[in-house]
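Input: a single structure, listed below in structure tokens.
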There are 2 protein chains.
Amino acid sequence: MTTISPQGRTELLRPDGSPVRVLVVDDEQSITELLSMALRYEGWRIRSAGDGQGAVQAAREFRPDAVVLDMMLPDMDGLAVLGRLRRELPDVPVLFLTAKDAVEDRIAGLTAGGDDYVTKPFSLEEVVARLRGLIRRSGAADRRSDSVLVVGDLTLDEDSHEVSRGGDNIHLTATEFELLRFLMRNPRRVLSKAQILDRVWSYDFGGQANVVELYISYLRRKIDAGREPMIHTRRGAGYLIKPAVS
Amino acid sequence: MTTISPQGRTELLRPDGSPVRVLVVDDEQSITELLSMALRYEGWRIRSAGDGQGAVQAAREFRPDAVVLDMMLPDMDGLAVLGRLRRELPDVPVLFLTAKDAVEDRIAGLTAGGDDYVTKPFSLEEVVARLRGLIRRSGAADRRSDSVLVVGDLTLDEDSHEVSRGGDNIHLTATEFELLRFLMRNPRRVLSKAQILDRVWSYDFGGQANVVELYISYLRRKIDAGREPMIHTRRGAGYLIKPAVS
DNA sequence: AGGGTTTCTCAGGGAAATCACAGATTTGTG
DNA sequence: CACAAATCTGTGATTTCCCTGAGAAACCCT
């Protein structure tokens with residue numbers, strides 16, 4: 001089921017109305033903390049583990065609806081952990097975290113069951129979106145929830161990556177797409193440049209903060225060009241998106 | 001009966017609307033896990049067994065609509081297992097898994113009754129497709145469901161392996177065919193290279209991920225050449241197929 | 001054995017995306 | 001109105017990703 005929280009954010013709930021449960025497994029504490037924060041903010045219940053042992057035990061006790069699993073753990077091989085997790089939780093989808101350059105060798109066969117993966121360093125927007133997709137498709141959350149975000153006459157389909165405004169198709173690059181998704185998931189809410197940077201860019205991004213301005217500019221050209229603007233600047237505070245008819 | 005799930009995926013159901021049941025028998029646990037995940041994702045109910053004993057017992061209790069049976073089991077000869085299964089489940093189709101170099105004529109005799117076989121190492125796309133075919137033809141699922149995929153003016157017949165666009169017949173190699181089938185079974189959905197690799201190439205494929213790019217390139221030459229393109233690249237995300245007229 | 005076909009690796013070229021930089025523009029303030 | 005701060009955007013360098021030609025190896029059929 002999808003509900004609208006008092007703050008206007010949408011969150012997934014299980015069919016019985018209880019919050020979705022996610023287990024996060026990574027040996028770097030900074031990563032588990034980062035992810036836990038972000039995923040709790042989505043309205044999910046989070047448990048984390050720092051090694052394979054702990055992961056298996058947490059799986060047994062916590063009965064998560066989805067797992068985020070780093071493939072590089074200190075005590076066990078990622079595949080071994082996966083096997084043990086599968087025995088505990090046969091139908092639970094897994095989102096793998098892998099190093100950028102290790103993608104090809106070990107992921108083979110892993111995403112076949114409908115699992116998914118993201119490479120480190122990731123952006124939170126990416127992780128959250130993938131997890132939402134996995135949970136949605138696994139049936140842990142109500143299947144009626146679909147993959148299309150709508151704000152005014154602007155739509156964004158998370159499955160097909162298609163964006164259109166007033167019927168016109170709009171092509172976006174990967175970064176533009178993620179930025180717009182973040183805005184559209186928080187309509188009518190001012191998002192600071194820092195929030196956007198933390199959420200849309202990967203956690204190790206070391207560049208200039210004005211990339212956000214730059215990408216807002218790109219988005220405006222594609223989405224607001226010649227139309228009633230939907231993306232607004234709140235000087236000194238940030239940006240927000242809302243339907244054109246205010 | 002064939003239904004379209006909310007996500008746009010098609011899944012087979014039995015005439016009474018309950019999910020199709022499949023028993024997977026293999027002594028390598030990695031294989032049963034891989035298959036279980038993939039087949040569950042098709043919307044089927046799965047039970048697995050690791051030897052002949054377990055298979056016979058599971059057949060008795062679980063009453064599957066189809067069986068995937070490795071012919072190399074530790075405790076019994078494959079033929080013996082088959083015999084015992086047949087006694088339990090006289091009309092249930094069997095998909096055999098055999099080593100590449102196994103004696104083919106023996107298998108050929110077995111498949112005469114409407115069964116089928118796949119050689120190891122297999123691709124999931126292959127197993128799923130064969131299984132769907134067996135189930136469809138056995139009558140466990142509604143027979144009205146047919147074997148032709150259609151996207152725009154492009155059609156692909158899973159039985160005859162014929163592909164045509166706008167009336168023109170197109171010859172595809174085996175790999176090209178499986179890639180196109182996978183795309184067409186997920187129209188308008190972005191599929192990552194990892195997903196494609198996991199699904200279309202065999203589970204032990206250790207090669208370069210750019211075979212996917214290469215085969216996409218081959219497909220384009222045959223399908224999109226001189227026409228409105230149907231295969232699209234989403235840079236940084238993957239590929240998708242959709243009708244040309246958008 | 002031999003020719004045709006298919007699968008796959010490798011590597012070069014090219015296009016697209018990302019980002020830094022800097023100057024232009026806007027906005028709010030006194 | 002003038003100024004400063006904040007924001008916007010044009011330009012181009014760099015990086016990343018994708019496409020495809022060429023050829024080697026495996027396979028298949030006769």
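In what follows, chains are A, B, ... by sequence order, proteins preceding strands, each numbered from 1. As a basis for the values below, the full set of heavy atoms in this structure was taken, side chains included, without hydrogen atoms, waters or symmetry mates.
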Checklist entry - Which of residues 217-236 of chain A sit near DNA chain D, with a heavy atom under 4.0 Å from it? => result S217(A), R220(A), R221(A), T233(A), R235(A), G236(A)

Checklist outcome for this item: Here the distance between atom P of dC21(C) and atom CD of E213(A), to the nearest Å, is 14 Å

Item to check | Separation of dC8(C) C1' from Q208(B) CD (nearest whole Å) | outcome: 9 Å

Checklist outcome for this item: ring-ring contact (aromatic ring centres under 6.0 Å, His included) filter on Y215(B), not counting sequence neighbours, yields W201(B), Y218(B)

Item to check | Whole angstrom value for the distance that separates P of dA17(C) from CG of L214(A) | outcome: 14 Å

Item to check | Pair listing, side-chain hydrogen bond (donor to acceptor under 3.5 Å, both in side chains) test, anchored in residues 148-158 of chain A, at least two apart | outcome: S147(A)-D157(A), D153(A)-R165(A), T155(A)-S164(A), E158(A)-R181(A)

Checklist entry - Can you tell me how far the OH atom of Y239(A) sits from the CG atom of L191(A), to the nearest 0.5 Å? => result 11.5 Å

Checklist entry - Passes side chain to side chain contact (heavy atoms under 4.5 Å, CB included), L183(A) versus I216(A)? Steps please. => result CA-CA 10 Å; L183(A) 293 172; I216(A) 288 284; 4.3 Å; yes

Item to check | Test log, rule side chain to side chain contact (heavy atoms under 4.5 Å, CB included), inputs V81(A) and M71(A) | outcome: CA-CA 9 Å; V81(A) 178; M71(A) 290 307 277; over 6 Å; no

Item to check | Cationic N near anionic O, under 4.0 Å, R199(B) to E178(B) | outcome: no

Next on the checklist: Applying a 4.0 Å non-hydrogen cut-off, can you work out what F177(A) is touching in the nucleic acid: base, sugar-phosphate, or nothing?
Outcome noted: nothing

Next on the checklist: Going by the rule side-chain contact (heavy atoms from CB on, under 4.5 Å), which residues pair with K222(A) if we only count those two or more places apart in sequence or in a different chain?
Outcome noted: I170(A), L172(A), T173(A), E176(A)

Checklist entry - How sharply is the helix from dA1(C)-dT30(D) to dG30(C)-dC1(D) bent, taking the axes over five pairs at either end and rounding to 10 degrees? => result 30°

Next on the checklist: Run D159(A) and R136(A) through side chain to side chain contact (heavy atoms under 4.5 Å, CB included) and show every step you take.
Outcome noted: CA-CA 11 Å; D159(A) 272 351; R136(A) 181 160 45 79; 3.7 Å; yes

Checklist entry - Less than 4.5 Å apart, any side-chain heavy atom of S160(A) and any of R234(B)? => result no

Checklist entry - Quick one: are T98(A) and M72(A) in side-chain contact, heavy atoms under 4.5 Å? => result no

Checklist entry - Which residues pass the ring-ring contact (aromatic ring centres under 6.0 Å, His included) test with F177(B), sequence neighbours left out? => result H161(B)

Next on the checklist: What residues from residues 168-176 of chain B pass a heavy-atom cutoff of under 4.0 Å to DNA chain C?
Outcome noted: H171(B), T173(B), A174(B), T175(B)

Checklist entry - So which of residues 191-203 of chain A are in contact with DNA chain D, with a heavy-atom cut-off of under 4.0 Å? => result K193(A)

Checklist entry - Which nucleotide span of DNA chain D, 5' end to 3' end, has atoms closer than 4.0 Å to non-hydrogen atoms of chain A? => result dA5(D) to dC17(D)

Item to check | L179(A) side, atom CG; I231(A) side, atom CD1 - distance, nearest 0.5 Å | outcome: 7.0 Å

Checklist entry - Closest nucleotide of DNA chain C for F205(A) versus for N210(A): which of these residues is on the 5' side? => result F205(A)

Checklist entry - Are more than 12 heavy atoms from other residues, nucleotides or ligands located less than 6.0 Å from atom CE of M184(A)? => result yes

Item to check | Residues from residues 156-163 of chain B lying under 4.0 Å of DNA chain D - heavy atoms | outcome: none

Checklist entry - Measuring from I241(A):CD1 to L219(A):CG, what's the distance to the nearest 0.5 Å? => result 7.5 Å

Item to check | Min side-chain heavy-atom separation R130(B)-Y117(B) under 4.5 Å | outcome: no

Checklist entry - Can you name the residues that form a side-chain contact (heavy atoms from CB on, under 4.5 Å) with D204(A), not counting sequence neighbours? => result P121(A), S202(A)

Checklist entry - With respect to V68(A), which candidate in V25(A), D26(A), L134(A), L97(A) satisfies the side chain to side chain contact (heavy atoms under 4.5 Å, CB included) definition? => result L97(A)

Checklist entry - Which part of the nucleic acid, if any, lies within reach of I216(B) when heavy atoms closer than 4.0 Å are counted: base, sugar-phosphate only, or nothing? => result nothing

Side-chain donor-acceptor pairs under 3.5 Å in residues 29-39 of chain B, sequence neighbours left out?
residue	atom	partner	partner atom	Å
Q29(B)	NE2	E33(B)	OE2	3.1
T32(B)	OG1	Q29(B)	O	3.0
S36(B)	OG	T32(B)	O	2.6

